[in-house]
Amino acid sequence: MKNVLVLTGAGQIGLAIVRSIGSGMKIVVSDKSAANAASAALLLNNAGFDAVEHSCDISSKESVAELIKFSKELGPITAFVNAAGVSPSQASIETILKVDLYGTAMLIEEIGKVIEPNGVGVTISSQSGHRMPALGEEKDRLLATTPVEELLSLDFLQPENISNTLHAYQLAKRCNVKRVMAEAVK
């Protein structure tokens, strides 16, 4: 049984990382679009990798649980690449918060529960998280440590307190950085 690499988001950035680290592994390519996941898995298989597709909506805890169950049935999860997300030009404030902020935080936490000791995880973020003014120590701590299911209840993450989709995206990417830092020590 091969070690498993789970990829969320079947775009070019995730595929480039998987091609660099996925040799000899079973690669589970997941994307909200089943067609995108299938196309990316076919591309990897044609390049000599061992890939399978699985549809997953990272903003759904149930969908993430299904992805993890599917992946664990193939072997031990030893690597994870999260390149899933939406951009401020294609989504509403609420969708950006649900996918890029909540979805990423929940995904990191859930994969963190099952990844093998000494496993590796990569989460693609953006410089946008650094392009907004500092939030302050308290808000950064809240982004890093608030229980995932309570994140979207934080006052400063309420849509009425967010000026536009770029601001929502910047908050999501700042949260990604802070969550990765907090989870990495676990």
Side-chain angles (χ1 to χ4, degrees), residues 1-19 21-47 49-87 90-92 94-125 146-153 157 169 172-173 175-176 179-180 182-184 186:
M1 191 175 281
K2 292 182 179 180
N3 288 338
V4 174
L5 184 160
V6 177
L7 167 65
T8 52
Q12 294 303 311
I13 294 173
L15 286 173
I17 295 168
V18 166
R19 284 191 295 265
I21 66 172
S23 181
M25 301 179 84
K26 184 71 163 187
I27 302 167
V28 177
V29 181
S30 67
D31 195 274
K32 185 173 182 182
S33 162
N36 288 350
S39 176
L42 178 62
L43 180 75
L44 288 169
N45 286 326
N46 286 340
F49 292 92
D50 182 8
V52 296
E53 74 270 3
H54 188 83
S55 181
C56 180
D57 175 0
I58 70 162
S59 71
S60 163
K61 195 167 188 171
E62 294 77 23
S63 186
V64 168
E66 290 170 15
L67 170 64
I68 290 170
K69 181 180 184 293
F70 175 83
S71 300
K72 286 181 67 173
E73 288 172 356
L74 300 173
I77 299 172
T78 60
F80 165 61
V81 176
N82 176 30
V86 295
S87 78
Q90 67 184 160
S92 67
E94 293 81 4
T95 299
I96 291 167
L97 293 175
K98 184 73 173 162
V99 175
D100 289 8
L101 192 141
Y102 167 80
T104 297
M106 181 265 299
L107 187 60
I108 291 168
E109 184 175 278
E110 294 302 312
I111 292 283
K113 292 175 183 176
V114 299
I115 198 164
E116 293 293 311
N118 300 312
V120 62
V122 176
T123 294
I124 302 303
S125 191
T146 297
V148 171
E149 297 305 321
E150 297 172 21
L151 264 173
L152 294 180
S153 298
L157 294 180
Y169 186 76
K173 298 310 176 179
C175 183
N176 295 167
R179 293 308 277 210
V180 166
E183 288 293 323
K186 294 179 183 176

Asker: Is there a donor-acceptor pair closer than 3.5 Å between any side-chain N or O of Asp100 and the backbone N or O of Tyr169?
Answerer: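 Judged by distance alone, no pair lies under 3.5 Å.
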
Asker: Which distance, rounded to the nearest 0.5 Å, do you find between the CD1 of Ile115 and the CD of Glu110?
Answerer: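 Rounded to the nearest 0.5 Å, the CD1-CD separation comes to 13.0 Å.
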
Asker: With side-chain hydrogen bond (donor to acceptor under 3.5 Å, both in side chains) as the criterion, how do Thr8 and Asn82 come out once you've worked through the C-alpha distance, each side chain's angles and the decisive distance to 0.1 Å?
Answerer: CA-CA 5 Å; Thr8 52; Asn82 176 30; 2.7 Å; yes

Asker: Shortest non-hydrogen contact from Ala105 to Leu151?
Answerer: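 Heavy atoms of Ala105 and Leu151 come nearest at CB-CD1, 3.6 Å.
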
Asker: How many angstroms lie between atom CG of Leu107 and atom CZ of Phe80, to the nearest 0.5 angstrom?
Answerer: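 Between Leu107 CG and Phe80 CZ, I get 3.5 Å after rounding to 0.5 Å.
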
Asker: Is there side-chain contact between Met106 and Ile58, with heavy atoms separated by less than 4.5 Å?
Answerer: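 No. Closest side-chain heavy atoms not under 4.5 Å.
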
Asker: Looking at every heavy atom in both Met1 and Leu74, which two are closest together, and how far apart are they?
Answerer: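 Met1 and Leu74 have their closest heavy atoms at CG-O, 3.2 Å.
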
Asker: Taking all atoms of both residues into account, what is the closest heavy-atom pair of Cys56 and Leu67, and its distance?
Answerer: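 Closest approach of Cys56 to Leu67: SG-CD2, 3.8 Å.
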
Asker: Which atoms form the tightest heavy-atom contact between Pro147 and Arg179, and what is the distance?
Answerer: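 The answer is C-NH2, 4.4 Å.
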
Asker: Does any donor atom in the side chain of Ser59 or Asp57 lie under 3.5 Å from an acceptor atom in the other side chain?
Answerer: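 Checked: Ser59/Asp57 side chains pair up, N/O donor to acceptor below 3.5 Å.
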
Asker: Set out, in order, the CA-CA distance, both residues' side-chain angles and the distance that settles salt bridge (charged side-chain N to carboxylate O under 4.0 Å, His left out) for Glu66 and Lys69, then state yes or no.
Answerer: CA-CA 5 Å; Glu66 290 170 15; Lys69 181 180 184 293; over 6 Å; no

Asker: Is the backbone N or O of Ala35 less than 3.5 Å from a side-chain atom of Ser39, with the two atoms forming a donor-acceptor pair by type?
Answerer: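 No; judged by distance alone, with no hydrogens or angles, the pair does not exist.
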
